[in-house]
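Each remark here refers to the structure printed beneath this line.
Because the structure is a prediction, the values reported are computed rather than measured. Residue numbering restarts at 1 for every chain, and letters A, B, ... go by the order of the sequence lines.
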Number of protein chains: 2
Amino acid sequence: MPTARDRARAELTAEIADLARAQLATVGAPGLSLRAVARELGMASSAVYRYFPSRDELLTRLIIDAYDAIGAAAESADDPTAPPAARWLAVCRAVRRWAQDHPHEYALLYGSPVPGYSAPRDTVPSAVRVGAVLGRVLGDAARAGLLPETAHRTTGLVEPAAVDLLGGDDPALDDAVRGRALLAWSSLFGVVSFELFGQFTGAVTDADRFFDDAMTDLAGLVGLHPAG
Amino acid sequence: MPTARDRARAELTAEIADLARAQLATVGAPGLSLRAVARELGMASSAVYRYFPSRDELLTRLIIDAYDAIGAAAESADDPTAPPAARWLAVCRAVRRWAQDHPHEYALLYGSPVPGYSAPRDTVPSAVRVGAVLGRVLGDAARAGLLPETAHRTTGLVEPAAVDLLGGDDPALDDAVRGRALLAWSSLFGVVSFELFGQFTGAVTDADRFFDDAMTDLAGLVGLHPAG
DNA sequence: GCATCACCGAGAGCACTGCTCTCGCCGACG
DNA sequence: CGTCGGCGAGAGCAGTGCTCTCGGTGATGC
C-alpha cells in the first residue's frame with residue numbers, strides 16, 4: 001500500500017509537471033527552465049532532480065501528456081454513429097483546435113525534435129492515438145461497405161504491424177488506400193503546422209474554410225465522400 | 001568602392017556564418033553557441049557581436065541561407081520541358097533529398113518556430129521559392145491546356161497577392177485548384193517532416209516508394225496526371 | 001521501542017551560455 | 001598628420017543544467 005511519503009512524492013511530481021506545463025505554454029520548450037519551476041515552487045533547484053533526473057525526462061513527461069491530450073481530443077470528437085466523411089472532418093477539426101489552443105505543446109510534439117534526444121518507447125502508445133482514430137473511421141467505412149472496392153490489391157508497402165491501426169483488414173482496404181491514409185494523416189499535420197507556424201500568412205483569406213476544404217479533399221483521397 | 005576593411009568584414013561575416021552552419025549541422029539549432037564559433041575561430045566571444053548583434057540575427061542569416069538552398073535545389077530539379085506530372089515529382093524528390101541531407105537546417109525552417117522570434121520580412125522572398133516552383137509547374141500545365149476545365153469558378157479563398165505565385169491566371173485555374181495546390185504544398189512538407197522526425201517509423205516498408213506514391217497522389221489532386 | 005537506512009531538501013559549486021561594457025589598438029579619411 | 005570610428009580582448013553580470021555533500025526525517029527491521 002502507498003505510504004504517506006509515496007503519496008507526497010506522486011503529488012509533488014505532478015505539481016512539478018503542471019508548473020512546467022504552464023511555463024511551457026508561456027515561454028515554449030527551449031525556454032523551459034528547471035530552476036524557474038523550482039523557484040516558483042519555493043524549493044531549491046537541486047531538489048527537483050529528486051523527481052526528474054534531467055530536464056529531458058521532464059520534457060518526455062510533458063510530451064507523453066500532450067500526446068494523450070491531443071489523442072483524447074481526437075477521440076472525443078469522433079461520433080461513431082455519424083457518416084464516415086463527417087467523422088473524418090470532425091476529428092481533423094478537433095486536432096486543429098487543440099493545436100491552436102496549445103501551440104507550444106503542439107510544437108513540442110510535431111515540431112523539430114530535440115537534438116540528441118530520441119523519443120523513448122513510452123511515447124509511442126500515446127503518439128499513435130490520433131492516427132488510430134482516423135484509421136478507425138476508415139476501417140468502419142470499409143466494413144460498412146462505403147468504400148470503393150479495389151480492382152487488384154496492392155501489398156507490401158505498409159508494415160504488417162501498422163495494418164490494424166489503419167482500419168484493420170477488409171476487402172476494401174489494401175496497401176494503396178492504407179498508403180493514402182498515411183498521406184492524409186501526415187497532410188493533416190502538415191496543414192496544421194503550416195498554419196500554426198505562419199507559413200500560410202498572406203496566402204489564404206479564410207483559414208477555416210480552407211482547412212475544411214482541404215480535409216474534405218484528403219477524405220476523398222482515401223475514398224470517403226460526403227454523399228456515401 | 002569597398003575598402004580593405006569592408007572586404008575583411010564581409011569575409012569574416014561569411015566565415016562566422018559558415019562555421020555556425022557547420023555547428024548547426026552537428027548539434028542542431030538549440031545547441032548553436034556563439035561562444036563556440038568564436039572559440040573555433042580563435043577570437044573572443046565579444047568580437048563576434050561586432051558582426052551579428054545577437055544570436056537570433058545569426059539564426060536569421062542561417063534561415064535565409066537555408067531557404068535559398070532548398071529553393072535552389074527545387075528550382076534546379078525542375079526541367080520546364082518535361083511533362084508537368086514528372087516535373088512535380090522531380091521537385092518533390094529534390095525537396096525531400098535536400099531535407100535528408102540537411103536535417104537540422106530543415107528543422108530550422110519547417111520545425112518549431114523559435115519562441116519570441118518572429119521571422120523578419122527578409123526571410124519571405126527566400127521562403128517562398130519552393131512554393132513558387134510548384135506553382136510554376138501548375139501554371140505551365142494550365143497554360144498548356146493540360147488541366148481539366150473547371151465547371152464554375154470559385155473565388156475569394158486565396159489572397160490576391162498569392163495568386164501569381166500559384167500559377168498565375170488562367171481559365172483552368174480557380175481558387176479551388178489553388179487551394180488544393182496549397183494543400184499539396186503543405187502536404188509535401190508534412191510527409192517530409194513526418195519521415196524526418198520519425199513519425200513514420202514502423203509504419204512503412206519502402207519509404208522511397210511511399211513518398212513517390214504520395215506525391216503522385218498529390219499531383220493528381222491538383223489535376224496533374226502522369227498520362228496528360 | 002529503538003536503531004538503521006533510505007529518502008529528501010538545501011546550499012555550494014562547476015562549466016557553460018548570451019550579452020554588455022570598457023579598455024587599448026590601428027586603419028581610414030579629412 | 002591628427003582624429004575618429006571600427007575592432008579585438010578581457011572582465012563581468014545574470015542565467016542555465018547538473019553534481020555533490022551535508023543535515024534532517026520518515027519508514028522499516030529487529
Side-chain angles (χ1 to χ4, degrees), chain A residues 1-17 19-24 26-63 104 108 113-118 120, chain B residues 1-17 19-24 26-63 104 108 113-118 120:
Chain A
M1 66 174 184
T3 111
R5 235 186 161 82
D6 289 347
R7 290 218 292 98
R9 178 178 181 84
E11 225 166 282
L12 233 178
T13 307
E15 207 167 335
I16 292 173
L19 232 68
R21 191 171 10 259
Q23 197 181 336
L24 180 68
T26 66
V27 296
L32 201 167
S33 153
L34 232 144
R35 289 178 112 112
V37 326
R39 254 194 316 269
E40 223 159 322
L41 231 124
M43 65 197 297
S45 69
S46 55
V48 178
Y49 285 85
R50 302 275 181 205
Y51 301 87
F52 291 95
S54 79
R55 186 178 173 276
D56 276 3
E57 295 277 345
L58 216 194
L59 272 182
T60 301
R61 164 75 178 252
L62 295 183
I63 287 176
H104 287 112
L108 193 60
V114 181
Y117 163 93
S118 67
Chain B
M1 67 176 186
T3 113
R5 234 166 145 107
D6 290 346
R7 291 217 290 97
R9 179 178 179 84
E11 225 166 282
L12 233 178
T13 306
E15 208 166 336
I16 292 174
L19 232 68
R21 192 172 9 257
Q23 198 182 336
L24 181 68
T26 66
V27 296
L32 200 167
S33 153
L34 233 147
R35 288 178 112 111
V37 327
R39 256 195 313 271
E40 223 159 321
L41 231 124
M43 65 197 299
S45 69
S46 56
V48 178
Y49 285 84
R50 302 275 181 203
Y51 299 88
F52 292 94
S54 79
R55 185 177 174 278
D56 276 2
E57 295 277 346
L58 216 195
L59 272 182
T60 300
R61 163 74 178 252
L62 294 183
I63 288 175
H104 287 111
L108 192 60
V114 181
Y117 162 93
S118 67

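Side-chain contact between Q23(A) and L19(A): absent, with no pair of heavy atoms (C-beta onward) separated by less than 4.5 Å.
R5(A) meets the side chain to side chain contact (heavy atoms under 4.5 Å, CB included) test with T3(A); sequence neighbours excluded. Looking at residues two or more places apart in sequence or on another chain, you find a side chain to side chain contact (heavy atoms under 4.5 Å, CB included) between S54(B) and D56(B), E57(B). For R55(B), the side-chain hydrogen bond (donor to acceptor under 3.5 Å, both in side chains) criterion is met by no residue, not counting sequence neighbours. Taking the side chain to side chain contact (heavy atoms under 4.5 Å, CB included) definition, one finds that R39(B) meets it with R35(B), A36(B), sequence neighbours left out.
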Tabulate below the donor-acceptor pairs under 3.5 Å that side-chain atoms of residues 42-50 of chain B make, not counting sequence neighbours, or state none.
none

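Taking for each of R5(B) and S54(B) the nucleotide of DNA chain C with the nearest heavy atom, the 5'-most of the two is the partner of S54(B).
Rounded to an integer number of Å, the gap from CG of L59(B) to P of dG18(C) is 10 Å. D6(B) places its CG atom 13 Å from the C1' atom of dC7(D), with the value rounded to the nearest Å. In this structure, L58(B) places its CG atom 10 Å from P of dG18(C), rounding to the nearest Å. One can place CZ of R9(B) at 15 Å from C1' of dA28(C), the figure rounded to the nearest angstrom. Atom pair F52(B):CZ and dT20(C):P shows a separation of 16 Å (rounding to whole Å applied).
The residue L32(B) sits close only to the backbone: its heavy atoms come under 4.0 Å of sugar-phosphate atoms, none of a base.
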- Which letters describe nucleotides 8-15 of chain D, given B = protein heavy atom under 4.0 Å from base, S = only from sugar-phosphate, - = neither? BBB-B---
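OP1 or OP2 of dG18(C) sits under 4.0 Å from a side-chain N or O of R55(B).
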